[in-house]
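The residues of the chain are indexed from 1 along the displayed sequence.
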Amino acid sequence: MRLRNRPGLWFGTPVIAVAATAPLLLFTNAYNRGLLVLIVIYAVAGLSLDYIMGEMGQFSFGHAAFWGFGAYVSAKLALDLGISPWIGFLAAPVAAGLVGLLIGYIALRRTRGLELAIVTLGFGVLAWTVALRWRPVTGGPAGLRQVPPPSLFGWEIRSELAYYYFALLLLLGVVFILTRLRESRFGRAVRSIHENEDLARSIGVAATRTYVFAFSFACALVGFSGALYAHHFRFVNPNLLGLQYMFIFLIVVLLGGTGTVWGPVLGATIFVLVSEWLRALQEYRFLIFGFVLLMVVLFMPNGVFPALRRVARRVMDSGRSGGDAARRAYPGSGGSQAG
């Protein structure tokens, strides 16, 4: 198998190896391992937003609302009804996906422009207001606390190390699903609508239905990420539905690169680690990241990951060209004779 035929393989393979060993070799205390958990959660959320931006060519200003909604659904099921968090991990994406189906139908049935951004912005403000005011259900500004962690055969996945490996496996599952989805007939239909909707319709693609289901899938995925957050940090509050997290997800996607599987993973890693290094300048964090994004747009307009991919391809192509030149110069050196 050639690396040029699998563009993410050169990055994904070492990343998985580093991710598996990082908490044992580099991030050895509970606080730093908590940062790794946050990277994984933000990566899943970033992948969901990237599906809207990179694959659909649309934009959602209310993505954090679906994230917080998934967190609240899973937390309420566990706290009020005593339902296992494992059920919550399934209920959160289903609930967020159904709401996304409704929002997507309202916003995407006629136009493909700014209507989705405007509708999702309104939904985000409405969801945040409801979470803030509906105290009997959401807990108001104080939110919901003591959300139970998931357990496996009676053992609670409570420690930072255990939850990190648990979330990492789920992230790899999400990456696998997205990779297969993009190669599927549905994924190709989504891209065809993005590139030329009239042409896609002419070959039988149901554009509205496809886009609505694609948006619903992205909402379900970010709702799942919200459930992961709720059961790890063990609290949810209305801030999860606010624009702050919307900006975080946007930074993760734009920094890593849109339209890629590994871009949001890289973007989440950069964002969380740089935010930690800038912790002393917390009030200026978004200002600094705004400057970083400006530099990325100017010098790496497609994001960090596509830039790294181009560099890797040039290195491989130059190595391949050097090998071909050597074989032309020394024709007999390309093989060996059995002795």
Side-chain angles (χ1 to χ4, degrees), residues 7-8 11-12 15 38-67 70 93 96-97 100 103-104 107-108 112 116-117 120 124 167-168 170-184 186-195 210-226 228-229 243 245-272 289 292-293 296-297 300-310:
F11 183 81
V15 159
L38 197 59
I39 289 173
V40 173
I41 294 173
Y42 283 173
V44 176
L47 285 168
S48 67
L49 181 59
D50 179 60
Y51 197 78
I52 297 174
M53 296 176 61
E55 296 296 303
M56 298 175 59
Q58 300 292 305
F59 187 76
S60 169
F61 263 121
H63 214 57
F66 296 100
W67 191 62
I103 298 296
L108 296 170
R112 304 283 184 267
L116 180 64
T120 52
L168 180 63
L170 295 176
L171 171 61
L172 294 178
V174 169
V175 169
F176 175 77
I177 291 172
L178 285 173
T179 302
R180 299 295 296 174
L181 182 64
R182 287 172 174 176
E183 295 173 354
S184 68
F186 179 81
R188 293 193 298 269
V190 171
R191 286 195 300 275
S192 69
I193 299 169
H194 178 195
E195 293 170 2
T210 300
Y211 255 29
V212 169
F213 279 111
F215 179 73
S216 175
F217 166 76
C219 294
L221 189 56
V222 78
F224 173 69
S225 174
L228 282 177
Y229 182 96
L243 288 178
Y245 286 98
M246 180 65 234
F247 291 143
I248 290 175
F249 302 153
L250 182 60
I251 290 172
V252 164
V253 173
L254 294 180
L255 193 60
T258 60
T260 64
V261 173
W262 292 108
V265 177
L266 179 61
T269 303
I270 296 173
F271 175 80
V272 172
F289 271 106
V292 171
L293 277 180
V296 169
V297 169
M300 292 180 288
N302 295 321
V304 175
F305 175 74
L308 293 178
R309 185 168 56 187
R310 285 195 299 272

query = Checking Y229 side chain against I41 main chain: does a donor-acceptor pair fall under 3.5 Å?
reply = no
query = Counting distance only, does the side-chain N/O of R191 pair as donor-acceptor with the main-chain N or O of R182 below 3.5 Å?
reply = yes
query = Between OG of S48 and CZ of F215, what distance do you get to the nearest 0.5 Å?
reply = 10.0 Å
task = Say whether, by atom type as modelled, one donor and one acceptor occur between the side chain of R188 and the main chain of E183 under 3.5 angstrom.
result = yes
request  = Look only at the side chain of T120 and the backbone of F61, and say whether a donor-acceptor pair between them is shorter than 3.5 Å.
outcome  = yes
query = For V261 and P264, which heavy atoms make the closest approach, and how far apart are they?
reply = O-CD, 3.7 Å
inquiry  = So, taking the atom named CZ in F271 and the one named CG in L254, what distance separates them when rounded to the nearest 0.5 Å?
reply    = 12.5 Å
message = Can you classify the ring geometry of H63 versus F249 as parallel (below 30°), tilted (30 to 60°) or perpendicular (above 60°)?
response = perpendicular
ask   = So, T269 side chain and V265 main chain: donor-acceptor pair closer than 3.5 Å or not?
value = yes
key: Atom pair CG/OH of L228 and Y42 - distance to nearest 0.5 Å   = 13.0 Å
key: Flag side-chain contact, heavy atom, 4.5 Å: I103 against F66   = yes
key: Closest heavy-atom pair and its distance - A214, F186   = N-CZ, 3.7 Å
remark   = Rounded to the nearest 0.5 Å, the CG atom of L255 sits from the CG atom of L250 at a distance of 10.5 Å
remark   = Smallest heavy-atom separation, G223 atom then A96 atom, equals CA-CB, 3.9 Å
ask   = Under a 4.5 Å cut-off applied to non-hydrogen side-chain atoms, are M246 and L49 in contact?
value = yes
ask   = When you measure from the side chain of T258 to the backbone N and O of D50, does any donor-acceptor pair fall under 3.5 Å?
value = no
Worked verdict on L171 versus L47 for side-chain contact (heavy atoms from CB on, under 4.5 Å) = CA-CA 10 Å; L171 171 61; L47 285 168; 3.9 Å; yes
query = Closest heavy-atom contact between A43 and A268?
reply = N-CB, 3.7 Å
query = Does S60 have any side-chain hydrogen bond (donor to acceptor under 3.5 Å, both in side chains) partners at least two apart in sequence or in another chain, and if so, which?
reply = none
message = Donor-acceptor check, side chain of S216 to backbone of F213, threshold 3.5 angstrom: yes or no?
response = no
query = Per the side chain to side chain contact (heavy atoms under 4.5 Å, CB included) rule, which among L178, V190, I52 passes with F217?
reply = L178
CG-OH distance between L181 and Y51, expressed to the nearest 0.5 angstrom = 4.0 Å
ask   = Of all heavy-atom pairs between Y211 and G57, which one has the smallest distance, and what is that distance?
value = OH-N, 4.5 Å
ask   = Can you name the closest pair of heavy atoms from A167 and V40 and give their distance?
value = O-CG1, 3.3 Å
task = Any chance you could measure L108, atom CG, to T210, atom OG1, to the nearest 0.5 Å?
result = 11.0 Å
